[in-house]
Protein chains: 2
Amino acid sequence: MTLTEENYLKALHRLSQSEEPITVKRIAMQLGIKMPTVTSMVRNLAAKKLIRYEKYKAIEMTEKGRRQALLILRKHRLTELFLKDVMGLGWEEVHDIAEQIEHIQSDRFFNRIDEMLGHPKFDPHGEPIPDANGKLPFFKAFPLSGCEAGKKYKLTGVLDHDGGFLTYLNTLGLTLGSSIEVIEVHGFDRSMEVLLNGKTRTVFSFIVCQHLLVI
Amino acid sequence: MTLTEENYLKALHRLSQSEEPITVKRIAMQLGIKMPTVTSMVRNLAAKKLIRYEKYKAIEMTEKGRRQALLILRKHRLTELFLKDVMGLGWEEVHDIAEQIEHIQSDRFFNRIDEMLGHPKFDPHGEPIPDANGKLPFFKAFPLSGCEAGKKYKLTGVLDHDGGFLTYLNTLGLTLGSSIEVIEVHGFDRSMEVLLNGKTRTVFSFIVCQHLLVI
DNA sequence: TTAAAAAGTTAGATTAATCTAACAAATTTA
DNA sequence: TAAATTTGTTAGATTAATCTAACTTTTTAA
Ligand SMILES: [Mn+2]
Ligand SMILES: [Mn+2]
Ligand SMILES: [Mn+2]
Ligand SMILES: [Mn+2]
């Protein structure tokens, strides 16, 4: 598999997590490329039995395609945790490096990382790490955006790996495990008044709330 | 620079280390590709001022090209040492992984590796690691192939990074720092009778001797 | 239920990196 | 020095990944 094909599989897997059907349009948007480019690549991926594709129909991943995608995600997430816990980088800077290292072809390399980390189940952003067979550990968490006022939650994950967003969380002293108490929910823009770690009071926009996973 | 261009620069640099002029033929052999492919790439590299090239003439690297090559070698060699000393891989398995990781674009990543290793000067094969400006540390060592019978040397480097060769050295208990005493040199095939670490006696072919650096 | 908009496909071009076949220059050898 | 060999270049094709422009199908909305 080429690096480009691997990136398509990752994008496909990500899109398959939402309710919406996987369409050429959505893939193009996800990857920041044009639709005709996607059309030709999905034909290629279909020929390799990684997806099911028929003109004008919604696209589906095959078991084979999903497995491949999860093995790449495994490499990505193991790398992120290694960069943070072994190499001492921040959770806001590991994603971009992992985007490159996830394409390294070496079982030895990633198995050593896995061993050194003690076969971890979650990455620095709270995302589950598939095992060597592409199986995901069970986990439950929901976006803060669906939460009620007056209740207290624990941050267990973030859905935006972008440096800007995570650096913003850093300035608020938010890390995985931090407590978030919802003081009030504003109906007009769905923003939330929150109390962080029992001390910092601030306002989260709806977008921010959608990107914070809590239990 | 593309991954391919980076690999050409490394090949060019390696060829520039020998006496022979750099020719299209030698580049093609080094990279295992055909001459016309090389011709078109050297035009490209010349356009980018990384080499000087005129039809039918010997090829030379520019200062810019050499600097780039050394920065890639720096990443390669830092990676090899990191894989061995931090991740516990053997010196016979680090080269192939480093061939991939050397193309990762992230100063942060390689500077952390450099820091964690304490700004090392040599890689697991005894090769000097260029500094962040592309400057090489001074070092002197010569191939065992030029050595005399009756003298005792110390292994300081190997010129073949291939797994097969290094695994062979492992079976002999040879590592950097091992002693090699030359018992006898056979004129007809230039092979050598040697005593390793004061205990193992064996014969090295001329090829093997050429690949062992000693002082 | 038709017209407009959105989504998708096809055709054809481009770029990087490679190849083979044919030709040309340089070097070696007789 | 002339012929043979080696080395190098040119021309043209191929593959992967991308694009724009034009056309088609599907969906939405009047
Ligand atoms: Mn990530
Ligand atoms: Mn992550
Ligand atoms: Mn190496
Ligand atoms: Mn080395």
Side-chain angles (χ1 to χ4, degrees), chain A residues 1-16 18-61 65 68-69 72 99-100 102-105, chain B residues 1-16 18-61 65 68-69 72 99-100 102-105:
Chain A
M1 253 202 305
T2 68
L3 183 146
T4 306
E5 288 170 337
E6 291 196 341
N7 284 333
Y8 271 85
L9 279 190
K10 272 205 311 170
L12 259 332
H13 180 267
R14 167 171 267 252
L15 293 174
S16 77
S18 86
E19 306 299 308
E20 316 297 323
I22 306 177
T23 62
V24 169
K25 185 80 190 302
R26 291 183 74 214
I27 299 170
M29 279 173 48
Q30 178 72 39
L31 293 171
I33 56 181
K34 306 294 178 174
M35 287 197 292
T37 308
V38 173
T39 299
S40 71
M41 181 53 91
V42 294
R43 291 166 142 289
N44 168 39
L45 295 174
K48 294 184 173 166
K49 308 280 187 196
L50 295 163
I51 60 174
R52 275 182 292 277
Y53 167 67
E54 279 178 276
K55 268 197 204 187
Y56 300 111
K57 297 260 179 71
I59 292 155
E60 286 170 9
M61 298 189 85
Q68 289 298 310
I72 301 162
E99 287 282 14
Q100 300 179 64
E102 70 192 5
H103 302 291
I104 300 292
Q105 304 290 321
Chain B
M1 256 199 306
T2 67
L3 183 145
T4 305
E5 288 170 338
E6 292 197 340
N7 284 334
Y8 271 85
L9 279 190
K10 272 206 309 168
L12 258 332
H13 180 266
R14 166 171 268 251
L15 294 174
S16 78
S18 88
E19 305 300 307
E20 315 298 322
I22 306 177
T23 63
V24 169
K25 184 83 192 302
R26 291 182 74 214
I27 299 170
M29 280 172 49
Q30 179 71 38
L31 293 171
I33 57 183
K34 306 293 177 175
M35 285 197 294
T37 308
V38 173
T39 299
S40 71
M41 182 54 91
V42 294
R43 292 168 141 288
N44 169 40
L45 294 174
K48 295 184 172 166
K49 309 280 188 197
L50 295 163
I51 61 175
R52 275 181 292 277
Y53 167 68
E54 279 178 276
K55 270 197 202 187
Y56 300 110
K57 298 259 181 68
I59 292 155
E60 285 169 9
M61 298 188 84
Q68 288 298 311
I72 301 163
E99 287 282 14
Q100 299 180 62
E102 70 192 5
H103 302 291
I104 300 292
Q105 303 291 321

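Within every chain, numbering begins at 1; the chains are lettered A, B, ... in the order of the sequence lines, protein sequences first and strands thereafter.
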Pair Met41(A)-Ile33(A), side-chain contact (heavy atoms from CB on, under 4.5 Å): steps then yes or no: CA-CA 11 Å; Met41(A) 181 53 91; Ile33(A) 56 181; over 6 Å; no
Heavy-atom side-chain proximity of Ile59(B) to Leu15(B) below 4.5 angstrom: no
Separation of dA16(C) P from Glu6(B) CD (nearest whole Å): 16 Å
Lys57(A) vs dT26(D): side-chain N/O to OP1/OP2 distance below 4.0 Å: no
N or O in side chain of Thr23(B) less than 4.0 angstrom from dT7(D) OP1/OP2: no
Length of the line joining Ile59(A):CD1 and dT26(D):P, which is rounded to integer Å: 15 Å
Whichever of Lys55(A) and Lys55(B) has its nearest DNA chain D nucleotide further upstream toward 5': Lys55(B)
Touch class at under 4.0 angstrom, heavy-atom based, for Arg43(A) against every strand present: sugar-phosphate
Contact check, side chains of His103(A) and His103(B), non-hydrogen atoms, under 4.5 Å: no
Neighbour count >12 (heavy atoms, 6.0 Å) for atom CE, Met29(A): no
Donor-acceptor pair, side chain of Arg14(A) and main chain of Gln30(A), under 3.5 angstrom: no
Within-4.5 Å side-chain heavy-atom neighbours: Met61(A) and Gln68(A): no
Lys25(A) side chain near dA7(C) phosphate (N/O to OP1/OP2, under 4.0 Å): yes
Nucleic acid contacts of residues 27-37 of chain A, taken as heavy-atom distances under 4.0 Å to DNA chain C: Met35(A), Pro36(A)
Touch class at under 4.0 angstrom, heavy-atom based, for Thr4(B) against every strand present: sugar-phosphate
Atom-pair distance (CG on Leu3(A); P on dT15(D)), nearest Å: 21 Å
Side chain of Val24(B) (C-beta onward), nearest among dT9(D), dT10(D), dT26(D): dT9(D)
Leu45(B) CG to dA16(C) C1', straight-line distance once rounded to whole Å: 12 Å
Presence of Tyr8(A) side-chain N/O under 4.0 Å of dT18(D) phosphate oxygens OP1/OP2: yes
Validation row: His13(A), Ile72(A) side chains within 4.5 angstrom (heavy atoms): no
Whole-Å gap separating C1' (dA17(C)) and CG (Asn44(B)): 10 Å
Met41(A) CE to dC19(D) P, straight-line distance once rounded to whole Å: 11 Å
Interatomic distance, Tyr56(A) OH vs dC23(D) P [rounded to whole Å]: 14 Å
Selected nucleotide, minimal atom distance to Thr2(A) side chain, candidates dA16(D), dA26(C), dT18(C): dA16(D)
Touch class at under 4.0 angstrom, heavy-atom based, for Ser40(A) against every strand present: base
